[in-house]
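My questions will all concern the structure given below.
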Amino acid sequence: MDVDNLEKFNPLALFDKEANAQMRKALDSLGGNELYLPPLKLHQHSDYAFVCFSLAGPLGMKPQELAEKLVAGIGANPLFEKIENVGPYVNFYIDRKVLAGKTMEMVFRMKDRYGSFEFEDQAPKIILEHTSANPTGPLHVGRARNPIIGDTMARILRKRGYDLDVHFYVDDMGKQLVILTWGHENITGLDVESDRADHKFVKFYQEANRLMAEDPNINNEINKLISLYEEDGEADISKKVKKNCEDILEGMLVPMMRLDIHYDKFDLESKYVRDGSVAEVVEKLRASESTGEDDGALYLDLEKFGIHGRENKLFLTRSDGTSLYTTRDIAYHIDKHNNFDHMINVLGEDHKLKAEAVSIALNEVLDYEKKVEVIFYAFVSLPEGKMSTRKGQVVYMDDLIEEAVSRALAEVEKKRPELPEEIKLGIAETVGVGAIRYNIIRVQAEKQMTFKWEEAMNFEGNSAPFIQYSHARASSILRNTDAPNDFDPGLLIHESEISLIKALARFPSLIIKCADDRTPHLVASYTYELASLFNQFYRDCPVLSAEADIMEARLNLVKCSKMVLQNALNTLGIVAPEEM
RNA sequence: GGGCGCGUAGCCUAGCCAGGAUAUGGCGCUAGCCUUCUAAGCUAGAAGCCAGGGGUUCGAAUCCCCUCGCGUCCGCCA
């Protein structure tokens, strides 16, 4: 993507380019042609700042002297209000009128596409795999970071212009579904009242695991079923497993839909076993120099690739030749490799070693070129410790959503008792679900989190409802008075107006950064900041009671803010309500 | 034992990759602001040896080394 293209989508690109070009020119004219000029940074003290320490020495000047000469060399520029030095710093101040005009023009032209980009040529095809939770029971909040990070990242990458496919890899080939199916067929007397297959089956799964551990006969019976399942896709057990898997998956997706998280495709692990691609991979790996056999079981020797530990054999097959999870994952990634330009996975930090092994197998042993990129996240734990389905120490997503929505409803009842019931319910859903997504995405993925109800249910300060509230305020101003097409952006000179416009201008750059650095949490900080600046504007600058020309300009600023708030919330998968 | 990640006010958190001008916000706490576009809001204040130690640099939360704490992995489980 070249700069000219960027300028079509990003109001700051022009200023970026100009400030850097002017600096370069001034530096060259001082004899610094050979010197590397780091890109100018946005800074709190000015719009673009450059520090002269590192270049002063090579030019035989003192930093302040260099700064003064650079400023003199640059001279006046129509894009900048002033360019001056403060000690050793060169500061560029963007012309507020030019910025306001360019930014608002672009927001109005692009509307809900503001913050989106398009590649000039064919967009690269990316496959993003996320969630991929075992279909054995309902999703709990310990795993909820995965779909939320994944879906937010998907939204960011789409805005960036990639041709993106989101896939959910279904582990339907392991033992767990057979155990669960056996439990469903053989266990009676369990209290499993639920209209959701995931909630119902998880109880059979837990009970079957318990019985397996204490009764060797049951253990044997289930192991036989597992073998049969792996060998014969048409066996009775295989048909039942398939059906149960589908039902459970359907249940698991209910809260995902409620969070507005969607998938383009579900890839079944069993497909790669049944179509022979796993067997093919095993043979290729066996033929390589990097694997060995232990009692008939094939393993990858990780020691050779610099991975050390107590045990560094990664097993690819069992002694009986049947495949293991990682092997199937290698086959899956070969399939991805053949159909996409780039692969990204969202995985829990417990998968680090396995992900590395898949990469070694793919890139180093089998010589495939493209790398698998992984976004890792740390687990969410409870104040009393790790979340565990077995110990019953879990909070299910369904319960979290219910609780959030009902607390939001209580809040709406209190604040807007006059609203019709249906509207109240709609707002509660929007606010409750938004609060959950926001509180999970706002923290950097690799940081550990402890789940606390009070924090997850936060409806003020740094939270989704805070942002939604700003949007509702903007909507409220525009409810009966539309912004006229004709207005003078030059009238927007209040400090709060200027800060708000700068924030609006930054949105496309933010999308680029978050897409390229894979940092979805920064969309949350940005959106919060934007909402906060809107609230300050709201306090300082009355709109509807202002003089006609000021009112027209402010109405347009409100309209722009509403659009960008909506686009930013949309990037987070959060609804922007008209009222609340 | 080894690998990887994390450690920023009582609690949560941005900044760290590409080192610079008084370390970002929030929760909680203290004191204020609703006859005026929605107070789920706004303003002001108190609160930090940026885990600890060493190094590199004119300059370190940021880069390097060591130590400590937390998480996670090192199954013919997934």
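Naming convention: chains lettered A, B, ... in sequence-line order (proteins, then strands); numbering from 1 in each chain.
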(request) Would you mind telling me which of B:A40, B:A78, B:C76 lies closest to the side-chain atoms of A:Ala297? (result) B:C76

(message) Any base atoms under 4.0 Å from A:Ser545, or only sugar-phosphate, or nothing? Heavy atoms, all strands.
(response)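 Touches nothing.
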
(message) Strictly by Watson-Crick or wobble contacts shorter than 3.5 Å, is anything paired with B:C17, and which nucleotide is it?
(response) none

(request) Could you tell me how the ring of A:Tyr528 sits relative to the ring of A:Phe466: parallel (under 30°), tilted (30 to 60°) or perpendicular (over 60°)? (result) tilted

(message) In whole Å, I'd like the distance from the CZ atom of A:Arg416 to the P atom of B:G41.
(response) 15 Å

(request) Searching all strands shown, indicate the nucleotide that pairs with B:G41 (Watson-Crick or G-U wobble; both distances under 3.5 Å). (result) B:C33

(request) Have a look at A:Cys541 and say if it touches a base, only the backbone sugar-phosphate, or nothing, with a 4.0 Å heavy-atom cut-off. (result)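 Here A:Cys541 touches the bases of the nucleic acid.
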
(message) What contact category does A:Val431 fall into here, base, sugar-phosphate, or nothing, at under 4.0 angstrom with non-hydrogen atoms?
(response) base

(message) Expressed as a whole number of angstroms, how long is the span from A:Asp540:CG to B:U36:C1'?
(response)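 Those two atoms, CG and C1', are 15 Å apart.
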
(request) For A:Asp320, report the nucleic acid contact type (base, sugar-phosphate, nothing); a contact means any heavy atom under 4.0 Å. (result) nothing

(request) Could you let me know what B:A61 is paired to, Watson-Crick or G-U wobble, both distances under 3.5 Å, or none if it's on its own? (result)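 By the stated definition (distances under 3.5 Å), nothing pairs with B:A61.
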
(message) Looking at B:G20 and A:Phe53: do their rings stack (centroid distance under 5.5 Å, interplanar angle under 30°)?
(response)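 Stack criterion met.
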
(request) Quick one: label A:Gly309 by what it contacts on the DNA or RNA (base, sugar-phosphate, nothing), any heavy atom closer than 4.0 Å. (result) base

(request) Provide the Watson-Crick or G-U wobble partner of B:U72, both distances under 3.5 Å; none if there is no partner. (result)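 Because both required distances fall under 3.5 Å, B:U72 counts as paired with B:G3.
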
(message) Taking 5.5 Å and 30° as the limits, would you call A:Tyr89 and the base of B:A21 a stacked pair?
(response) yes

(request) Describe the nucleic acid contact of A:Ala378 in one word from base, sugar-phosphate, nothing, applying a heavy-atom distance below 4.0 Å. (result)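 No contact at all - A:Ala378 keeps every heavy atom at 4.0 Å or more from the nucleic acid.
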
(message) The criterion is ring pair (Phe, Tyr, Trp, His ring centres under 6.0 Å); which residues satisfy it with A:Phe168, sequence neighbours excluded?
(response) A:Tyr263, A:Phe266

(request) Using atom CD of A:Glu230 as one end and atom C1' of B:C77 as the other, report the distance to the nearest whole Å. (result) 12 Å

(message) Tell me which pairs pass salt bridge (charged side-chain N to carboxylate O under 4.0 Å, His left out) where either residue lies in residues 40-64 of chain A, with sequence neighbours left out.
(response) A:Asp47-A:Lys502

(request) Ignoring the backbone of A:Tyr538, work out which of B:U43, B:A78, B:A39 is nearest its side chain. (result) B:A39

(request) Classify the nucleic acid contact of A:Pro542 as base, sugar-phosphate or nothing, counting any heavy atom under 4.0 Å across all strands shown. (result) base

(message) Regarding B:C76, can its base be found pairing with the side chain of A:Thr317 as donor and acceptor, where the two atoms are less than 3.5 Å apart?
(response)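 By the distance-only test, no, there is no pair.
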
(request) Could you work out which one of B:C77, B:G2, B:A39 sits closest to the side chain of A:Arg473? (result)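 The nucleotide sitting nearest to the side chain is B:A39.
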
(message) Under 4.0 Å, counting only non-hydrogen atoms across every strand here, what does A:Arg407 touch: a base, just sugar-phosphate, or nothing?
(response) nothing

(request) Check side chain to side chain contact (heavy atoms under 4.5 Å, CB included) between A:Lys386 and all other residues, then give those that pass, not counting sequence neighbours. (result)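 For A:Lys386, no residue satisfies side chain to side chain contact (heavy atoms under 4.5 Å, CB included) once neighbours in sequence are set aside.
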
(message) Under 4.0 Å, counting only non-hydrogen atoms across every strand here, what does A:Phe379 touch: a base, just sugar-phosphate, or nothing?
(response)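 Sugar-phosphate contact only - A:Phe379 comes under 4.0 Å of backbone atoms but never of a base.
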
(request) Identify which nucleotide among B:A40, B:C76, B:A78 has an atom closest to any side-chain atom of A:Ile427, counting heavy atoms from C-beta outward. (result) B:A40

(message) So if I take residues 129-146 of chain A and measure heavy-atom distances to RNA chain B, which residues fall below 4.0 Å?
(response)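 Contacts with RNA chain B under 4.0 Å: A:Asn134.
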
(request) Provide, to the nearest angstrom, the distance between the CZ atom belonging to A:Phe459 and the P atom belonging to B:A39. (result) 19 Å

(message) Nearest to the A:Asp517 side chain among B:A18, B:C76, B:C37, which nucleotide is it?
(response) B:A18

(message) Considering every strand and a 4.0 Å limit on heavy-atom distances, what is the contact class for A:Gln536: base, sugar-phosphate, or nothing?
(response) sugar-phosphate

(request) Could you check whether A:Lys354 gets within reach of a base, just the sugar-phosphate, or nothing at all, counting any heavy atom under 4.0 Å? (result) base

(request) Spell out yes or no: do the side chain of A:His351 and the base of B:U72 have one donor N/O and one acceptor N/O closer than 3.5 Å? (result) no

(request) Using the test side chain to side chain contact (heavy atoms under 4.5 Å, CB included), find all partners of A:Lys313 that sit at least two apart in sequence or belong to another chain. (result) A:Asp294, A:Tyr299, A:Glu311, A:Phe315

(request) Using a heavy-atom cut-off of under 4.0 Å over every strand shown, decide if A:Leu353 touches base, sugar-phosphate, or nothing. (result)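 Sugar-phosphate contact only - A:Leu353 comes under 4.0 Å of backbone atoms but never of a base.
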
(message) For B:C34, does the O4'-C1'-N9-C4 or O4'-C1'-N1-C2 angle fall within 90° of 0, making it syn, or is it anti?
(response)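 Syn conformation here, the glycosidic angle of B:C34 being no more than 90° from 0.
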
(message) Between B:A21 and A:Asn91, counting only base atoms on the nucleotide and side-chain atoms on the residue, is there a donor-acceptor pair under 3.5 Å?
(response)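 Indeed there is one.
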
(request) Please determine if A:Lys352 forms a cation-pi arrangement with A:Phe376, meaning its NZ or CZ atom is less than 6.0 Å from the six-membered ring centre and no more than 45° off the ring axis. (result)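 Pair A:Lys352/A:Phe376 counts as cation-pi.
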
(request) Determine, for A:Tyr377 and A:Arg145, whether the Lys NZ or Arg CZ falls below 6.0 Å from the six-membered ring centre while staying within 45 degrees of the axis. (result)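 Judged by the rule (NZ or CZ under 6.0 Å from the ring centre, within 45° of its axis), A:Arg145 is not positioned above A:Tyr377.
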
(request) Looking only at side-chain atoms of A:Tyr528, point me to the closest of B:A40, B:G25, B:U72. (result) B:G25

(message) Please confirm whether the ring centroid of A:Tyr332 lies under 6.0 Å from the ring centroid of A:Tyr169.
(response)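 Yes: the rings meet the under 6.0 Å criterion.
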
(request) Tell me, please, which residues at least two apart from A:Leu491 pass side chain to side chain contact (heavy atoms under 4.5 Å, CB included). (result) A:Asp488, A:Asp549, A:Ala553

(request) Consider the side chain of A:Arg310, meaning its heavy atoms from C-beta on, and name the nucleotide among B:C27, B:A21, B:C74 that approaches it most closely. (result)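 Ranking B:C27, B:A21, B:C74 by closest atom to the A:Arg310 side chain puts B:C74 first.
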
(message) Rounded to whole Å, please give me the gap between CZ in A:Arg518 and C1' in B:C17.
(response) 14 Å

(request) Round to a whole Å and report the spacing from CG of A:Asp329 to C1' of B:C77. (result)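 So the two atoms are 14 Å apart, to the nearest Å.
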
(message) Can you identify which nucleotide, out of B:C73, B:C76, B:A40, has its nearest atom closest to the A:Asp350 side chain?
(response)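 Comparing B:C73, B:C76, B:A40 against the side chain of A:Asp350, the answer is B:C73.
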
Detail all sub-3.5 Å separations between protein N/O atoms and N/O atoms belonging to nucleotides 5-16 of chain B.
unit_1 : atom_1 : unit_2   : atom_2 : d
B:G5   : O4'    : A:Lys352 : NZ     : 3.1
B:G5   : O3'    : A:Glu446 : OE1    : 3.3
B:G5   : O2'    : A:Glu446 : OE1    : 3.3
B:G5   : N2     : A:Gln448 : NE2    : 2.7
B:G7   : OP1    : A:Lys447 : NZ     : 3.3
B:C12  : O2'    : A:Arg442 : NH2    : 2.9
B:A14  : OP1    : A:Gln444 : N      : 3.2
B:A14  : OP1    : A:Gln444 : OE1    : 3.4
B:A14  : OP2    : A:Lys447 : NZ     : 2.3
B:G15  : OP1    : A:His521 : NE2    : 3.4

(request) Write down the distance between CG (A:Leu316) and C1' (B:C77), rounded to a whole number of angstrom. (result) 15 Å

(request) Over 60° means perpendicular and under 30° means parallel, so classify the ring planes of A:Phe451 and A:Trp453, tilted if in between. (result) perpendicular

(message) Going by the rule ring pair (Phe, Tyr, Trp, His ring centres under 6.0 Å), which residues pair with A:His43 if we only count those two or more places apart in sequence or in a different chain?
(response) A:His45

(request) Under the side chain to side chain contact (heavy atoms under 4.5 Å, CB included) rule, collect the residues that match up with A:Lys559, sequence neighbours excluded. (result) A:Phe108, A:Leu478, A:Asp482, A:Ala483, A:Met563

(request) Take atom CG of A:Leu314 and atom P of B:C77, then tell me their distance rounded to the nearest Å. (result) 12 Å

(request) Remember a base hit wins even if backbone is also touched, and classify A:Ala49 as base, sugar-phosphate or nothing at under 4.0 Å, heavy atoms. (result)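 Contact class for A:Ala49: base.
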
(message) For A:Lys424, is there an ion pair with A:Glu411 - N to carboxylate O distance below 4.0 angstrom?
(response)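 A salt bridge is absent here (no side-chain N lies under 4.0 Å from a carboxylate O).
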
(message) What contact category does A:Ser54 fall into here, base, sugar-phosphate, or nothing, at under 4.0 angstrom with non-hydrogen atoms?
(response)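 Answer is base: heavy atoms of A:Ser54 come under 4.0 Å of a base.
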
